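Note sheet for the following structure.
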There are 2 protein chains.
Amino acid sequence: MVVASEKTLDRVFYALSDPSRRKMLQALAADGYQVKDLAKSFPFSKAATSKHLNVLEEAGLIEKTRKGREVFCSINPSTLQHVEEWVKFYRQFWDQQLDNLETFLSENPKNSRK
Amino acid sequence: MVVASEKTLDRVFYALSDPSRRKMLQALAADGYQVKDLAKSFPFSKAATSKHLNVLEEAGLIEKTRKGREVFCSINPSTLQHVEEWVKFYRQFWDQQLDNLETFLSENPKNSRK
DNA sequence: TTTATTGTCAACCAATTGGTTTACGATTAA
DNA sequence: TTAATCGTAAACCAATTGGTTGACAATAAA
(Lines give C-alpha, C1' and ligand atoms only; values in the text may rest on other atoms or scores of the structure.)
Protein backbone atom coordinates (compact mmCIF):
# COMPACT_ATOMS: atom_id res chain seq x y z
CA MET A 1 0.00 0.00 0.00
CA VAL A 2 1.23 3.44 -0.89
CA VAL A 3 1.23 5.27 2.40
CA ALA A 4 0.16 8.87 2.34
CA SER A 5 1.90 11.07 4.89
CA GLU A 6 -0.10 12.37 7.82
CA LYS A 7 0.15 15.91 6.44
CA THR A 8 -1.19 14.71 3.11
CA LEU A 9 -4.09 12.98 4.81
CA ASP A 10 -4.80 16.14 6.82
CA ARG A 11 -4.92 18.22 3.67
CA VAL A 12 -6.87 15.81 1.52
CA PHE A 13 -9.56 15.05 4.08
CA TYR A 14 -9.83 18.73 4.86
CA ALA A 15 -10.10 19.65 1.19
CA LEU A 16 -12.86 17.07 0.73
CA SER A 17 -14.82 18.24 3.77
CA ASP A 18 -16.30 21.20 1.91
CA PRO A 19 -19.26 20.59 -0.43
CA SER A 20 -18.24 23.40 -2.79
CA ARG A 21 -14.79 21.91 -3.21
CA ARG A 22 -16.26 18.46 -3.86
CA LYS A 23 -18.51 20.00 -6.52
CA MET A 24 -15.51 21.68 -8.08
CA LEU A 25 -13.79 18.34 -8.40
CA GLN A 26 -16.85 16.93 -10.09
CA ALA A 27 -17.07 19.92 -12.43
CA LEU A 28 -13.41 19.56 -13.35
CA ALA A 29 -13.99 15.98 -14.43
CA ALA A 30 -16.85 17.05 -16.67
CA ASP A 31 -15.89 20.07 -18.75
CA GLY A 32 -15.11 23.51 -17.37
CA TYR A 33 -11.50 23.56 -16.37
CA GLN A 34 -10.51 27.17 -16.16
CA VAL A 35 -10.76 29.25 -13.04
CA LYS A 36 -13.10 31.67 -14.82
CA ASP A 37 -15.47 28.82 -15.79
CA LEU A 38 -15.60 27.54 -12.24
CA ALA A 39 -16.05 31.01 -10.82
CA LYS A 40 -19.16 31.45 -13.00
CA SER A 41 -20.72 28.25 -11.64
CA PHE A 42 -20.38 29.06 -7.96
CA PRO A 43 -22.18 31.64 -5.86
CA PHE A 44 -19.07 33.42 -4.70
CA SER A 45 -16.35 35.61 -6.13
CA LYS A 46 -13.42 34.82 -8.41
CA ALA A 47 -11.06 35.32 -5.48
CA ALA A 48 -12.95 32.82 -3.32
CA THR A 49 -12.93 30.29 -6.15
CA SER A 50 -9.20 30.78 -6.51
CA LYS A 51 -8.72 30.11 -2.79
CA HIS A 52 -10.74 26.89 -2.94
CA LEU A 53 -8.67 25.72 -5.90
CA ASN A 54 -5.53 26.43 -3.90
CA VAL A 55 -6.78 24.17 -1.12
CA LEU A 56 -7.42 21.43 -3.67
CA GLU A 57 -4.01 21.97 -5.23
CA GLU A 58 -2.13 21.85 -1.92
CA ALA A 59 -3.92 18.63 -1.13
CA GLY A 60 -2.62 17.24 -4.41
CA LEU A 61 -6.13 16.67 -5.72
CA ILE A 62 -5.74 18.93 -8.74
CA GLU A 63 -2.94 20.42 -10.80
CA LYS A 64 -2.83 23.85 -12.39
CA THR A 65 -1.20 24.79 -15.68
CA ARG A 66 -0.85 28.36 -16.77
CA LYS A 67 -1.27 29.13 -20.48
CA GLY A 68 -0.92 32.83 -21.02
CA ARG A 69 -3.33 34.56 -18.70
CA GLU A 70 -5.54 31.52 -18.29
CA VAL A 71 -5.10 28.79 -15.66
CA PHE A 72 -6.20 25.27 -16.51
CA CYS A 73 -7.03 22.83 -13.75
CA SER A 74 -7.04 19.07 -13.98
CA ILE A 75 -7.81 16.24 -11.61
CA ASN A 76 -5.00 14.19 -10.14
CA PRO A 77 -6.64 10.84 -9.33
CA SER A 78 -3.59 9.28 -7.73
CA THR A 79 -4.00 11.34 -4.56
CA LEU A 80 -7.52 10.11 -4.20
CA GLN A 81 -6.17 6.61 -4.54
CA HIS A 82 -4.01 7.12 -1.43
CA VAL A 83 -7.12 8.13 0.46
CA GLU A 84 -9.07 5.20 -0.87
CA GLU A 85 -6.35 2.89 0.38
CA TRP A 86 -6.22 4.52 3.79
CA VAL A 87 -9.97 4.27 4.26
CA LYS A 88 -10.10 0.72 2.95
CA PHE A 89 -7.29 -0.41 5.22
CA TYR A 90 -8.89 0.90 8.41
CA ARG A 91 -12.39 -0.10 7.45
CA GLN A 92 -11.23 -3.68 6.94
CA PHE A 93 -9.13 -3.56 10.10
CA TRP A 94 -12.06 -2.39 12.19
CA ASP A 95 -14.42 -4.89 10.62
CA GLN A 96 -11.94 -7.60 11.56
CA GLN A 97 -11.72 -6.34 15.14
CA LEU A 98 -15.48 -6.50 15.45
CA ASP A 99 -15.56 -9.98 13.97
CA ASN A 100 -12.96 -11.12 16.46
CA LEU A 101 -14.99 -9.69 19.30
CA GLU A 102 -18.16 -11.41 18.16
CA THR A 103 -16.34 -14.71 17.76
CA PHE A 104 -14.89 -14.35 21.23
CA LEU A 105 -18.28 -13.59 22.74
CA SER A 106 -20.02 -16.51 21.01
CA GLU A 107 -17.27 -18.88 22.16
CA ASN A 108 -17.50 -17.60 25.72
CA PRO A 109 -21.23 -17.25 26.21
CA LYS A 110 -21.14 -17.45 30.01
CA ASN A 111 -18.10 -15.23 30.18
CA SER A 112 -18.30 -13.55 33.60
CA ARG A 113 -17.87 -9.78 33.48
CA LYS A 114 -15.33 -8.25 35.86
CA MET B 1 -23.81 2.06 -3.81
CA VAL B 2 -25.04 3.40 -0.51
CA VAL B 3 -25.01 7.13 -0.94
CA ALA B 4 -23.90 9.19 1.99
CA SER B 5 -25.62 12.56 2.28
CA GLU B 6 -23.59 15.67 1.61
CA LYS B 7 -23.83 16.64 5.27
CA THR B 8 -22.49 13.24 6.27
CA LEU B 9 -19.60 13.57 3.84
CA ASP B 10 -18.86 17.04 5.21
CA ARG B 11 -18.73 15.74 8.75
CA VAL B 12 -16.82 12.55 8.07
CA PHE B 13 -14.13 14.14 5.92
CA TYR B 14 -13.83 16.95 8.42
CA ALA B 15 -13.55 14.52 11.34
CA LEU B 16 -10.84 12.61 9.52
CA SER B 17 -8.85 15.74 8.66
CA ASP B 18 -7.36 15.96 12.15
CA PRO B 19 -4.40 13.67 13.01
CA SER B 20 -5.41 13.44 16.69
CA ARG B 21 -8.85 12.25 15.75
CA ARG B 22 -7.44 9.68 13.33
CA LYS B 23 -5.18 8.43 16.13
CA MET B 24 -8.18 8.19 18.43
CA LEU B 25 -9.94 5.97 15.93
CA GLN B 26 -6.89 3.74 15.76
CA ALA B 27 -6.64 3.62 19.55
CA LEU B 28 -10.31 2.69 19.82
CA ALA B 29 -9.79 -0.30 17.57
CA ALA B 30 -6.96 -1.53 19.77
CA ASP B 31 -7.96 -1.42 23.42
CA GLY B 32 -8.65 1.80 25.34
CA TYR B 33 -12.25 2.60 24.89
CA GLN B 34 -13.18 4.95 27.68
CA VAL B 35 -12.87 8.71 27.46
CA LYS B 36 -10.51 8.69 30.44
CA ASP B 37 -8.17 6.19 28.73
CA LEU B 38 -8.04 8.30 25.60
CA ALA B 39 -7.54 11.48 27.57
CA LYS B 40 -4.43 9.96 29.17
CA SER B 41 -2.91 9.15 25.77
CA PHE B 42 -3.23 12.62 24.27
CA PRO B 43 -1.39 15.81 25.09
CA PHE B 44 -4.46 17.82 25.87
CA SER B 45 -7.16 17.99 28.49
CA LYS B 46 -10.11 15.70 29.21
CA ALA B 47 -12.44 18.41 27.93
CA ALA B 48 -10.58 18.66 24.61
CA THR B 49 -10.65 14.88 24.26
CA SER B 50 -14.37 14.92 24.88
CA LYS B 51 -14.83 17.53 22.15
CA HIS B 52 -12.87 15.49 19.63
CA LEU B 53 -14.95 12.43 20.45
CA ASN B 54 -18.07 14.48 19.85
CA VAL B 55 -16.84 15.37 16.37
CA LEU B 56 -16.24 11.69 15.66
CA GLU B 57 -19.65 10.78 17.04
CA GLU B 58 -21.51 13.40 15.01
CA ALA B 59 -19.76 12.11 11.92
CA GLY B 60 -21.09 8.65 12.77
CA LEU B 61 -17.59 7.23 13.05
CA ILE B 62 -17.98 6.12 16.68
CA GLU B 63 -20.75 5.37 19.11
CA LYS B 64 -20.85 6.14 22.80
CA THR B 65 -22.47 4.07 25.53
CA ARG B 66 -22.79 5.32 29.07
CA LYS B 67 -22.40 2.79 31.88
CA GLY B 68 -22.73 4.59 35.19
CA ARG B 69 -20.30 7.44 35.19
CA GLU B 70 -18.11 5.94 32.47
CA VAL B 71 -18.54 6.41 28.72
CA PHE B 72 -17.47 3.63 26.39
CA CYS B 73 -16.64 4.38 22.77
CA SER B 74 -16.67 1.98 19.87
CA ILE B 75 -15.94 2.21 16.18
CA ASN B 76 -18.77 2.22 13.65
CA PRO B 77 -17.16 0.87 10.46
CA SER B 78 -20.22 1.26 8.26
CA THR B 79 -19.80 5.03 8.06
CA LEU B 80 -16.27 4.57 6.81
CA GLN B 81 -17.67 2.25 4.19
CA HIS B 82 -19.81 5.07 2.78
CA VAL B 83 -16.69 7.17 2.47
CA GLU B 84 -14.78 4.36 0.87
CA GLU B 85 -17.51 4.02 -1.73
CA TRP B 86 -17.60 7.74 -2.41
CA VAL B 87 -13.85 7.92 -2.90
CA LYS B 88 -13.74 4.77 -4.97
CA PHE B 89 -16.55 5.96 -7.23
CA TYR B 90 -14.94 9.29 -8.07
CA ARG B 91 -11.44 7.91 -8.33
CA GLN B 92 -12.64 5.38 -10.91
CA PHE B 93 -14.72 8.01 -12.66
CA TRP B 94 -11.77 10.37 -12.97
CA ASP B 95 -9.45 7.60 -14.07
CA GLN B 96 -11.95 6.81 -16.80
CA GLN B 97 -12.15 10.43 -17.89
CA LEU B 98 -8.39 10.57 -18.24
CA ASP B 99 -8.34 7.32 -20.18
CA ASN B 100 -10.95 8.70 -22.55
CA LEU B 101 -8.92 11.83 -23.06
CA GLU B 102 -5.77 9.88 -23.81
CA THR B 103 -7.61 7.64 -26.24
CA PHE B 104 -9.06 10.69 -27.98
CA LEU B 105 -5.67 12.33 -28.29
CA SER B 106 -3.97 9.23 -29.64
CA GLU B 107 -6.75 8.77 -32.19
CA ASN B 108 -6.52 12.42 -33.27
CA PRO B 109 -2.80 13.04 -33.34
CA LYS B 110 -2.93 15.99 -35.74
CA ASN B 111 -5.95 17.46 -34.08
CA SER B 112 -5.80 21.17 -34.80
CA ARG B 113 -6.25 23.33 -31.74
CA LYS B 114 -8.91 26.01 -32.17
C1' DT C 1 -1.87 51.79 -28.39
C1' DT C 2 -5.73 51.32 -25.73
C1' DT C 3 -9.00 48.47 -23.51
C1' DA C 4 -10.83 44.27 -21.59
C1' DT C 5 -10.03 39.82 -19.47
C1' DT C 6 -7.84 36.53 -16.33
C1' DG C 7 -6.18 35.35 -12.01
C1' DT C 8 -3.95 36.46 -7.71
C1' DC C 9 -2.77 39.27 -3.82
C1' DA C 10 -3.64 42.09 0.33
C1' DA C 11 -6.49 43.86 3.70
C1' DC C 12 -10.35 43.20 6.05
C1' DC C 13 -14.38 40.92 8.62
C1' DA C 14 -17.50 37.51 10.94
C1' DA C 15 -17.83 32.85 12.21
C1' DT C 16 -15.66 28.61 13.52
C1' DT C 17 -12.00 25.77 15.52
C1' DG C 18 -9.15 23.85 19.07
C1' DG C 19 -7.45 24.51 23.01
C1' DT C 20 -7.65 26.18 28.07
C1' DT C 21 -9.65 26.49 33.02
C1' DT C 22 -13.29 26.21 36.21
C1' DA C 23 -17.43 24.40 37.94
C1' DC C 24 -20.64 20.94 38.27
C1' DG C 25 -23.85 16.64 38.39
C1' DA C 26 -23.67 11.93 38.60
C1' DT C 27 -21.66 7.95 40.08
C1' DT C 28 -18.46 5.01 42.66
C1' DA C 29 -15.22 4.03 46.45
C1' DA C 30 -13.61 4.68 51.37
C1' DT D 1 -21.51 10.06 54.90
C1' DT D 2 -17.66 11.85 52.76
C1' DA D 3 -14.28 11.94 49.29
C1' DA D 4 -12.63 10.82 44.76
C1' DT D 5 -13.53 9.93 39.85
C1' DC D 6 -15.69 10.46 35.27
C1' DG D 7 -17.44 13.14 31.79
C1' DT D 8 -19.59 17.35 30.17
C1' DA D 9 -20.81 22.26 29.99
C1' DA D 10 -19.67 27.14 30.03
C1' DA D 11 -16.82 30.90 29.39
C1' DC D 12 -12.99 32.41 27.38
C1' DC D 13 -8.95 33.10 24.01
C1' DA D 14 -5.83 32.87 19.90
C1' DA D 15 -5.55 31.15 15.40
C1' DT D 16 -7.78 29.73 11.23
C1' DT D 17 -11.46 29.72 7.80
C1' DG D 18 -14.34 31.44 4.15
C1' DG D 19 -16.00 35.05 2.36
C1' DT D 20 -15.74 40.11 0.69
C1' DT D 21 -13.71 44.24 -2.03
C1' DG D 22 -10.24 46.74 -4.52
C1' DA D 23 -5.86 46.98 -6.73
C1' DC D 24 -2.77 45.01 -9.63
C1' DA D 25 0.37 42.46 -13.27
C1' DA D 26 0.17 39.93 -17.20
C1' DT D 27 -1.90 38.80 -21.28
C1' DA D 28 -5.15 39.04 -25.23
C1' DA D 29 -8.31 41.56 -28.08
C1' DA D 30 -9.94 45.94 -30.47
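For clarity, every value in this text was computed on a predicted model and none was experimentally measured. Naming: A, B, ... by sequence-line order, numbering from 1 per chain.
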Problem set entry | side-chain N/O B:Ser45 vs C:dG19 OP1/OP2, d < 4.0 Å | no
Exercise. Any cation-pi pair here, B:Lys64 with B:Phe72, using under 6.0 Å and within 45°?
Worked result: no
Seminar exercise, completed: Quick note, ring-ring contact (aromatic ring centres under 6.0 Å, His included) partners involving residues 45-64 of chain A, not counting sequence neighbours, are A:Phe44-A:His52
For this session: Measure the distance from CG on B:Leu56 to P on D:dG7 and round it to the nearest whole Å.
Result: 16 Å
Problem set entry | Salt-bridge contact A:Arg22-A:Asp18 (side-chain N to carboxylate O under 4.0 Å) | no
For this session: Run through A:Leu56, A:Ile62, A:Leu61 and flag the one making a side chain to side chain contact (heavy atoms under 4.5 Å, CB included) with A:Met24.
Result: A:Leu56
Problem set entry | Same apolar cluster: B:Tyr90 and A:Leu25, side chain cutoff 4.5 Å | yes
Problem set entry | Per-nucleotide protein contact string for nucleotides 6-18 of chain C (B base, S sugar-phosphate only, - none; heavy atom under 4.0 Å) | BBBB-------SS
